[in-house]
4 protein chains.
Amino acid sequence: MHLPEKLTAKQERIIESAIRLFAEKGYSNTSTAEIAKAAEVSEASIFKQYGTKDKLLLSLIIPCLKELFPAMADEVLHTVMSKAVTFEDFLRGFLKNRVEFISENREIFQVVIKEIVYKEELKNELLPYLSEIVTSRLSKVIAFFRERGEFIDIPADTILKMLFTFVGGFFVSRFVLLNLRSIDDREIEDAIRFVMDGIRK
Amino acid sequence: MHLPEKLTAKQERIIESAIRLFAEKGYSNTSTAEIAKAAEVSEASIFKQYGTKDKLLLSLIIPCLKELFPAMADEVLHTVMSKAVTFEDFLRGFLKNRVEFISENREIFQVVIKEIVYKEELKNELLPYLSEIVTSRLSKVIAFFRERGEFIDIPADTILKMLFTFVGGFFVSRFVLLNLRSIDDREIEDAIRFVMDGIRK
Amino acid sequence: MHLPEKLTAKQERIIESAIRLFAEKGYSNTSTAEIAKAAEVSEASIFKQYGTKDKLLLSLIIPCLKELFPAMADEVLHTVMSKAVTFEDFLRGFLKNRVEFISENREIFQVVIKEIVYKEELKNELLPYLSEIVTSRLSKVIAFFRERGEFIDIPADTILKMLFTFVGGFFVSRFVLLNLRSIDDREIEDAIRFVMDGIRK
Amino acid sequence: MHLPEKLTAKQERIIESAIRLFAEKGYSNTSTAEIAKAAEVSEASIFKQYGTKDKLLLSLIIPCLKELFPAMADEVLHTVMSKAVTFEDFLRGFLKNRVEFISENREIFQVVIKEIVYKEELKNELLPYLSEIVTSRLSKVIAFFRERGEFIDIPADTILKMLFTFVGGFFVSRFVLLNLRSIDDREIEDAIRFVMDGIRK
DNA sequence: AATGAATGAGGATTCATTCAT
DNA sequence: CATGAATGAATCCTCATTCAT
């Protein structure tokens with residue numbers, strides 16, 4: 001995660017502690033006093049830097065979102081699509097890439113998910129924006145493979161919805177609900193198989 | 001929802017207000033004063049009835065959980081399995097039944113999901129219990145249809161996991177994230193098709 | 001001062017303490033903790049009742065203003081003017097009446113003056129309103145005595161301004177700057193003489 | 001205003017900002033952070049220069065007081081008294097001179113008045129001192145014109161008090177309450193007439 | 001000489017909870 | 001039984017001030 005550079009040791013401890021505590025107990029159940037204590041700084045230092053508790057949250061969440069979603073953007077997509085790969089290969093690359101990213105930023109991911117689910121306000125601000133990004137990017141990919149005749153005959157945006165539902169459920173259940181460190185290759189393969197072929201014999 | 005019967009008007013107003021507010025803003029961001037005001041009772045009345053704010057939450061969540069998960073238990077399962085239905089039929093019945101139940105109890109469902117995601121503590125108490133219930137019940141069903149040869153050749157509990165992931169994502173994304181009133185039949189059919197056959201041609 | 005009736009003992013102690021401390025140190029230099037301590041109540045009790053520190057201030061100031069200015073309204077004015085009195089008599093009655101009122105409410109008067117002088121915001125809200133009340137009431141009186149030929153030949157509103165300047169300075173210097181308990185009759189007579197005849201032989 | 005010479009640009013910006021903000025919102029409602037921001041210096045610079053916020057206030061107030069009151073001292077008084085002028089002429093010169101001075105230093109005057117009214121502590125330190133200065137200087141003047149037979153037969157210090165009350169009210173109401181930039185000659189003449197002859201025909 | 005970083009002490013305000021009536 | 005009154009403990013946040021660089 002590319003957080004603003006040139007933080008002092010104390011400032012780094014603040015964001016570390018904040019992420020850890022927000023991930024563990026949720027933003028609303030974490031007091032600035034707790035963060036200060038965990039970071040071994042004064043509360044005042046937190047407010048000097050971030051102004052409000054809310055801005056502290058945003059300053060953690062936003063860089064994560066920027067990498068979580070648009071990262072799979074042009075670079076990734078184009079390279080993948082230019083190669084002679086199947087959608088299954090693309091999906092495999094995508095899942096492995098995102099699993100790796102989330103594994104490395106598991107706590108921030110937890111914070112992001114928890115707060116999007118919990119804070120109506122934040123959700124309403126972010127969801128349309130995220131939905132737009134995801135849709136616009138992925139719909140190209142779907143369209144690309146669809147024209148190649150790789151998918152069964154259902155509308156592209158139905159495919160998108162189902163994928164989104166499953167992949168979202170996949171990441172959230174593993175990284176947030178079960179609090180797993182990572183997801184192993186075997187499970188990724190299970191997921192890919194499920195997505196590609198379903199469960200019917 | 002079978003909440004304890006014989007509630008006075010005031011008691012009903014309290015739980016209605018609590019559910020509405022918890023669903024909207026989350027338990028942590030709702031004060032007992034707000035609930036009291038919305039329910040047009042004194043704060044003291046709430047505490048007389050429920051002892052603590054936490055017990056109030058539990059008294060809303062627990063009846064919902066009891067119906068949400070175990071409801072699909074013996075009655076449903078046995079009847080379904082006894083008939084000569086395919087897994088697809090079972091899944092259709094199950095989804096429709098649960099969509100109906102959640103539609104009618106959307107706000108409580110939102111509270112349940114939000115708090116399970118948010119409160120590590122609550123999650124740790126409930127997840128093993130829920131997981132046990134779901135697993136024990138559904139694994140019988142899976143095993144039943146598996147023996148009938150309806151599934152591709154993957155372990156039963158992999159099937160269970162994938163189903164759980166997808167169905168959970170399905171309900172949460174629609175009823176919590178998107179705050180939909182219900183899910184129409186067409187989308188249910190899309191989901192069934194996705195689960196059964198995946199997306200590959 | 002007619003403050004809202006039916007205050008509990010604690011509630012009365014709150015307003016007493018607030019008035020005393022605001023008068024002594026000014027609103028901005030008095031913390032709610034100090035008020036609570038002086039009143040021997042919890043800070044929470046103050047906020048339960050008044051919501052904010054600002055509303056507490058207003059709830060002290062407004063009843064005082066209502067009596068301070070419009071009190072000299074219809075009752076006083078009409079009776080005075082109906083009698084065959086001179087302006088000097090009217091002024092004497094007015095000054096004595098107001099001195100008595102302020103003596104009895106010296107601390108609130110101090111709070112009112114201090115905050116009007118100090119808080120731009122409060123001043124801008126109150127001054128136009130007060131000015132309107134004073135002007136509309138007193139200009140009638142001035143006009144009345146002016147037609148009787150009691151005044152030298154200067155515009156009525158010049159007389160009003162000079163009176164306001166002097167009487168304001170009189171009350172503020174004595175009751176606020178010098179913190180006097182009251183103003184004795186001799187000084188009132190000096191003031192009347194000054195207003196009526198100036199200082200030139 | 002003769003503030004200490006040789007101020008660097010930064011130091012000037014500090015006192016300008018401080019005066020402006022103190023005049024506008026009052027000392028207690030102005031933070032050193034605000035001053036630093038307005039002056040475009042670091043807070044630390046303010047404290048390096050002035051030690052404490054209180055000393056900053058005093059360093060603004062004291063030079064003003066020195067010119068506001070004693071300025072009318074020896075030079076002014078003697079010259080005026082030596083000429084064959086009436087008290088009315090003296091008063092006219094005095095008022096015009098003070099109006100000019102305050103007009104040019106309106107904001108500092110506002111700070112001085114506001115803080116004297118507001119801070120019991122400051123008031124108690126300054127009032128006896130100021131009163132002594134004013135009394136000792138002006139009582140000579142009053143005595144001078146009194147012996148010339150210009151005044152009606154009331155004690156000199158009663159005249160002094162009334163003058164002080166009116167002139168104080170005059171300046172404060174115009175420059176502080178109404179926040180006027182200056183006072184025009186017509187109003188000064190009205191004031192002089194009022195002081196000299198009162199309002200009785 | 002100037003400042004960015006840091007903070008202890010205190011600021012107003014909110015909260016879940018208790019209890020006498 | 002219901003509630004108005006009351007509160008201790010916490011919450012987020014601000015402030016004047018210090019100090020190493």
Side-chain angles (χ1 to χ4, degrees), chain A residues 6-11 13-14 27-36 39-57, chain B residues 8 10-11 14 27-36 40-57, chain C residues 6-11 13-14 27-36 39-57, chain D residues 8-11 14 27-36 39-57:
Chain A
K6 286 188 185 173
L7 294 176
T8 65
K10 299 204 175 194
Q11 288 165 349
R13 290 208 307 272
I14 291 173
Y27 172 82
S28 300
N29 300 320
T30 304
S31 72
T32 51
E34 277 177 289
I35 298 169
E40 293 178 294
V41 300
S42 68
E43 274 191 85
S45 294
I46 297 176
F47 285 96
K48 251 282 135 67
Q49 238 202 334
Y50 296 97
T52 65
K53 192 188 168 193
D54 232 79
K55 285 184 193 158
L56 169 60
L57 174 65
Chain B
T8 66
K10 293 205 176 190
Q11 287 166 351
I14 291 174
Y27 172 81
S28 302
N29 300 321
T30 304
S31 70
T32 51
E34 276 177 289
I35 299 168
E40 294 178 294
V41 300
S42 69
E43 274 191 85
S45 293
I46 296 177
F47 284 93
K48 200 69 146 193
Q49 275 291 315
Y50 297 95
T52 68
K53 190 188 169 193
D54 236 79
K55 286 183 193 159
L56 169 59
L57 175 65
Chain C
K6 288 189 185 171
L7 295 176
T8 65
K10 297 203 176 193
Q11 288 165 350
R13 290 208 308 273
I14 291 174
Y27 171 82
S28 302
N29 300 321
T30 304
S31 72
T32 51
E34 278 177 290
I35 298 169
E40 293 177 295
V41 300
S42 68
E43 275 191 84
S45 294
I46 298 176
F47 284 94
K48 254 274 142 65
Q49 238 201 336
Y50 296 98
T52 66
K53 192 187 169 194
D54 231 79
K55 285 184 195 158
L56 169 59
L57 174 65
Chain D
T8 67
K10 294 205 175 192
Q11 288 165 350
I14 292 173
Y27 172 82
S28 302
N29 300 323
T30 304
S31 70
T32 51
E34 277 176 291
I35 298 169
E40 294 176 295
V41 299
S42 68
E43 275 192 85
S45 293
I46 296 176
F47 285 92
K48 201 70 148 191
Q49 276 291 315
Y50 297 97
T52 68
K53 190 188 170 194
D54 235 80
K55 285 183 194 158
L56 169 59
L57 174 65

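Order of the sequence lines sets the chain letters (A, B, ...), proteins ahead of strands, with each chain counted from 1. This is a predicted model, so every value here is computed, not measured.
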Which residue, B:Val41 or A:Thr32, contacts DNA chain F at a nucleotide closer to its 5' end, judged by nearest heavy atom?
B:Val41
Which sits closer to the 5' end of DNA chain F, A:Thr52 or C:Ile46, going by the nucleotide each is nearest to?
C:Ile46
Nearest non-hydrogen partners of [X] and [Y], listed with the distance:
X: A:Arg13; Y: A:Val41; result: NH2-CG1, 4.1 Å
X: A:Tyr50; Y: A:Lys55; result: O-CB, 3.1 Å
X: C:Lys53; Y: C:Phe47; result: N-CE2, 3.9 Å
X: C:Ile14; Y: C:Gln49; result: CD1-OE1, 4.3 Å
X: D:Thr32; Y: D:Ile46; result: O-CD1, 3.8 Å

dist B:Lys48:NZ -> B:Glu43:CD (nearest 0.5 Å) comes out at 14.5 Å
With rounding to the nearest 0.5 angstrom, report the NZ to OG distance, C:Lys10 to C:Ser42.
7.5 Å
Spacing between [X] atom [atom1] and [N] atom [atom2], to the nearest angstrom:
X: D:Glu43; N: E:dA6; atom1: CD; atom2: P; answer: 15 Å
X: D:Gln11; N: E:dA2; atom1: CD; atom2: P; answer: 7 Å
X: D:Tyr50; N: E:dA1; atom1: OH; atom2: P; answer: 15 Å
X: D:Lys53; N: F:dA16; atom1: NZ; atom2: P; answer: 4 Å
X: A:Ile35; N: F:dT11; atom1: CD1; atom2: C1'; answer: 12 Å
X: A:Lys10; N: E:dG4; atom1: NZ; atom2: P; answer: 18 Å
X: C:Leu56; N: E:dG11; atom1: CG; atom2: C1'; answer: 15 Å
X: A:Phe47; N: E:dA12; atom1: CZ; atom2: C1'; answer: 13 Å

Under 4.0 Å, heavy atoms only, any strand: does [X] hit a base, just the sugar-phosphate, or nothing?
X: D:Ser28; answer: nothing
X: A:Ser45; answer: base
X: A:Gln49; answer: nothing
X: A:Thr8; answer: sugar-phosphate

Between B:Asn29 and C:Thr30, name the one whose nearest nucleotide on DNA chain E is closer to the 5' end.
C:Thr30
Which residue lies more 5' along DNA chain E, comparing B:Ser31 with A:Ala9 via nearest heavy atoms:
A:Ala9
Secondary structure string for DNA chain E (Watson-Crick or G-U under 3.5 angstrom, | for other-strand pairs)
.||||||||||||||||||||
Restricting both atoms to N or O, compile the protein contacts to nucleotides 19-21 of chain E shorter than 3.5 Å, with distance only.
none

Indicate whether OP1 or OP2 belonging to F:dG4 is found under 4.0 Å from a side-chain N or O atom of B:Ser42.
no
Are the side chain of D:Tyr27 and the backbone of D:Asp54 linked by a donor-acceptor contact shorter than 3.5 Å?
yes
